[in-house]
Amino acid sequence: MHKTNAFSARFFTMIAAGLVVSALLGCSNVASASSSSSSDGNSSAQTTSTTSATKTQTATYSSSSNPNVIKLDYTTKTLTISGVPTGAEIYLAKTNPTSTKVASTYSRYITSASGISLNKATSTSSPSTPSSSSSSGGTSHPNWQCYLPPELSLSEGSARAATATTATQIDGIVGDTMSIYIDTESTLSTAYYTAKDATLRAVGTYCYVWVIDDYYSTTASGAKVDTTVAENVATQFDAVYPMVRNVFGEESDVLLYYGSSTTYPMSSYSTTGTKVNIVLYDIAADYSSESTSSTGIAGYFYSKDYYYSGSNISNKGKYFYVDSAYANEDINDIYSTLAHEFQHMIHFGVKYIEQGISSGTGYNEMLSMLCEDMMEAYFEDTLDGFDEEASPMNRLPWFNALYYYSGLEYREDSTAYALCSYATNYAFGAWLLRNYGGIPLLAAMSANAYKDTASIVAAVNSINSTSLTMTDLLLAFAQACLFEEADSGFNISVDALTSSSSYYYSSDSSTYGYPLEAIDLWDLETLLPSTAATYTNSSYYKYDGPDLLHSNEYIEVRPYGILLHDLGTTTASTVTLTLSTSSSSSLKTYVYIYSD
């Protein structure tokens, strides 16, 4: 049974690890039916078939199914349901299984009804503009971003014959020095990448850990790390490295060359060979002090480093970058980040270099968060103090509160929307793994010759021998978000793989079966940031499942997104619902009837 969300006015302030984010989610994007506002924000224009709904549809309640699910045709204006038990709960779910948003004008809502006590919004209870104040402090996991720059294209740059010279490799011992290109200001623009002196502070079996000299100290403090931090990073990455590769595949060992299909082996053409280089420094140069925690990006992988020529800021090798202030404030977050960023590196090789596929940011980030998810049990078992606070599960309260601001396509129009995208993509991916195949499904998504939702659908069908569509998956996802005890819900754990599985990890020193724990969307208060008291409205923290709109509220439905409404409780055996007439063929609309 669904438990009603405790939001009273959906009034909230957002934090982004010290980045000021305010007045970004205004009421122009959400309105009640009594409002004249139907602004579509800065989303892409509506291009699908639209109509003025006029038809009547009938349905009969069946006691053999709980909940009952009724699919509405997009031409339906009035739905009449007979045989309904009194006291039943009725919900409306809308999904958008397309890459184009459905404008708020075409987002169906209830205009009138009989046989039901409608849960109807007043002008003061509609979602409203966030407070102009913002809170900061703490580096709670749901607020950091992984900066994922756009992939560089092999077709960029002037066409010319590929020429390269072999590199003199470093000795690979602690104390080696070299220059490494890093960003030097907050926009992360390539115009501000500068070569900075760095020293090798730790050497692992699979990695070199470099610290930019400006961010090294014999005593770790603020944005400066010490040797112990570097050594811990190397130790944990060495443990993570084979386990992640076992599922996602292997990162590429070649350098690319602009204007040519020729590739060059890193073993000869990179000064660091085939080692993974982890570079610690203050990413985006945004740290000010531990008290303000202006450290919005925990790490990133940038494919520029895989190019031998054509980019004058390439470090020519396997590189990803970790924020030094985060490493000091909560090293457990960084251990999870190592898995996250390594997935991005593997993904670039498997999808782009090997298959010429450029994935969308939302899909790529989903895979990286699922990589963290699959490693969580290992971290919890081996690290002191590692818990869900340092895992992607800590993004789920943001999903509960803000899922309707982002579907599976990544939003780049503000930091706030980007954080919503992280939350929604993780929630969907975590649900998907727990219902459609676990680790083998994750491996299939990583390896197949598709990207984004096409990759998801292909992997689900290949693992389960089904012929499901994205429409089917979004419908099942919406139902899981509505009903705590859904058959295909979040509350399913996936047992550890056994030694008979092709993805079971075993080495001379360790074994791991990648168990996935059940998720309770209706009990997330323990996963909230420690700065809860600084929020204007404490009800923001009472996450009793995903936030449900009232019967007469409407909002645009994002690409591959869902929208959920609590319509009310039945008072008669026949229920009639009249919907708004403007309708889009892209929007899939369902009525759920749940009876205790």
Side-chain angles (χ1 to χ4, degrees), residues 43-44 46-49 94-102 146 148 150-155 247-249 252 303 343-371 373-374 403 406-412 421-480 488 503 557-562 584-588:
S43 305
S44 55
Q46 173 70 19
T47 59
T48 53
S49 300
K94 296 174 286 191
T95 70
N96 177 14
T98 75
S99 60
T100 303
K101 66 95 180 174
V102 173
C146 155
L148 188 60
E151 292 172 358
L152 304 178
S153 171
L154 284 171
S155 63
V247 174
F248 286 93
S252 177
S303 60
Q343 189 286 139
H344 285 318
M345 182 180 289
I346 293 174
H347 190 87
F348 180 69
V350 171
K351 291 290 189 181
Y352 185 75
I353 295 178
E354 294 181 10
Q355 303 184 77
I357 298 170
S358 294
S359 298
T361 299
Y363 170 71
N364 199 344
E365 291 295 351
M366 181 187 76
L367 292 182
S368 277
M369 287 183 285
L370 294 180
C371 183
D373 196 355
M374 78 176 195
Y403 70 90
S406 176
L408 299 183
E409 286 202 350
Y410 189 77
R411 294 194 69 171
E412 298 180 285
S421 295
Y422 276 98
T424 299
N425 275 280
Y426 172 65
F428 179 82
W431 164 82
L432 197 72
L433 287 195
R434 286 157 177 79
N435 289 273
Y436 292 95
I439 299 306
L441 175 67
L442 188 55
M445 286 192 286
S446 179
N448 66 24
Y450 303 95
K451 64 178 180 178
D452 308 337
T453 56
S455 175
I456 293 169
V457 170
V460 166
N461 289 330
S462 67
I463 294 297
N464 297 278
S465 300
T466 52
S467 55
L468 298 174
T469 65
M470 202 62 204
T471 299
D472 299 324
L473 293 176
L474 284 177
L475 171 59
F477 179 58
Q479 181 165 325
S488 57
Y503 294 105
V557 188
R558 301 296 305 177
Y560 306 108
I562 65 172
S584 165
S585 60
S586 293
L587 190 69
K588 310 303 178 185

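For clarity, every value in this text was computed on a predicted model and none was experimentally measured.
No donor-acceptor pair under 3.5 Å is formed between the side chain of Asn425 and the backbone N or O of Gly429. Put simply, the side chain of Asn96 gets close to the backbone of Arg558: a donor and an acceptor are under 3.5 Å apart. Counting only distance, with no hydrogens or angles, the side chain of Asn464 and the backbone of Tyr436 share a donor-acceptor pair below 3.5 Å.
Distance check, rounded to the nearest 0.5 Å: CD of Gln479 to CG of Leu475 gives 6.5 Å. Put simply, CG on Asn364 and OG on Ser446 are 9.5 Å apart, with the number rounded to the nearest 0.5 Å. Taken to the nearest 0.5 Å, the NZ atom of Lys101 stands 11.0 Å off from the OG atom of Ser586.
Across all non-hydrogen atoms, the minimal contact from Tyr410 to Tyr422 is OH-CE1, 3.7 Å. Pairing each heavy atom of Ala447 with each of Lys351, the nearest pair is C-NZ, 4.4 Å.
Partners of Ser406 by side chain to side chain donor-acceptor pair (under 3.5 Å), not counting sequence neighbours, listed by chain and number: Ser421. By the side chain to side chain contact (heavy atoms under 4.5 Å, CB included) test, Leu587 is found to be paired with Lys94, Val102, Arg108, Val557, Thr589, residues two or more places apart in sequence or in another chain being considered. Looking at residues two or more places apart in sequence or on another chain, you find no ring pair (Phe, Tyr, Trp, His ring centres under 6.0 Å) involving Phe248. With sequence neighbours excluded, the residues satisfying side chain to side chain donor-acceptor pair (under 3.5 Å) with Ser368 are Gln343, His344. Among residues two or more places apart in sequence or in another chain, the side chain to side chain donor-acceptor pair (under 3.5 Å) test is passed with Asp472 by Thr469. In terms of the side chain to side chain contact (heavy atoms under 4.5 Å, CB included) criterion, residue partners of Ala458 (sequence neighbours excluded) are, by chain and number, Asn448, Tyr450. With sequence neighbours left out, the side chain to side chain contact (heavy atoms under 4.5 Å, CB included) criterion links Ile353 to Ser252, Val254, Leu256, Tyr306, Phe348. Shown here are the side chain to side chain donor-acceptor pair (under 3.5 Å) partners of Thr95, two or more places apart in sequence or in another chain: there are none. For Val457, the side chain to side chain contact (heavy atoms under 4.5 Å, CB included) partners two or more places apart in sequence, or in a different chain, are Asn461, Met470, Leu473. Taking Tyr426 as the reference, nothing meets the ring pair (Phe, Tyr, Trp, His ring centres under 6.0 Å) condition, with sequence neighbours excluded.
A 4.5 Å side-chain heavy-atom check between Leu408 and Met366 finds every atom pair outside the cut-off. You'll find the side chain of Tyr503 stays beyond 4.5 Å of the side chain of Leu442, heavy atoms only. In this structure, Ser359 and Asp452 have side chains that are in contact, with non-hydrogen atoms separated by less than 4.5 Å. Side-chain contact between Leu367 and His347: present, with at least one pair of heavy atoms (C-beta onward) separated by less than 4.5 Å. Side-chain contact between Leu432 and Met445 is present, with heavy atoms from C-beta onward closer than 4.5 Å.
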Check: What do the steps show when you test Met374 against Val247 for side chain to side chain contact (heavy atoms under 4.5 Å, CB included), and what is the final call?
Finding: CA-CA 10 Å; Met374 78 176 195; Val247 174; 4.0 Å; yes

Next item on the list: Evaluate the side chain to side chain donor-acceptor pair (under 3.5 Å) criterion for residues Ser455 and Tyr363: first the C-alpha distance (whole Å), next the side-chain angles of each, then the deciding distance (0.1 Å), finally the verdict.
Entry: CA-CA 9 Å; Ser455 175; Tyr363 170 71; 2.6 Å; yes

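Judged as a salt bridge (charged side-chain N to carboxylate O under 4.0 Å, His left out), the pairs with a partner in residues 421-450 (not counting sequence neighbours) are, in order, Asp373-Arg434. Counting only residues at least two apart or in different chains, salt bridge (charged side-chain N to carboxylate O under 4.0 Å, His left out) contacts with residues 454-468 are absent.
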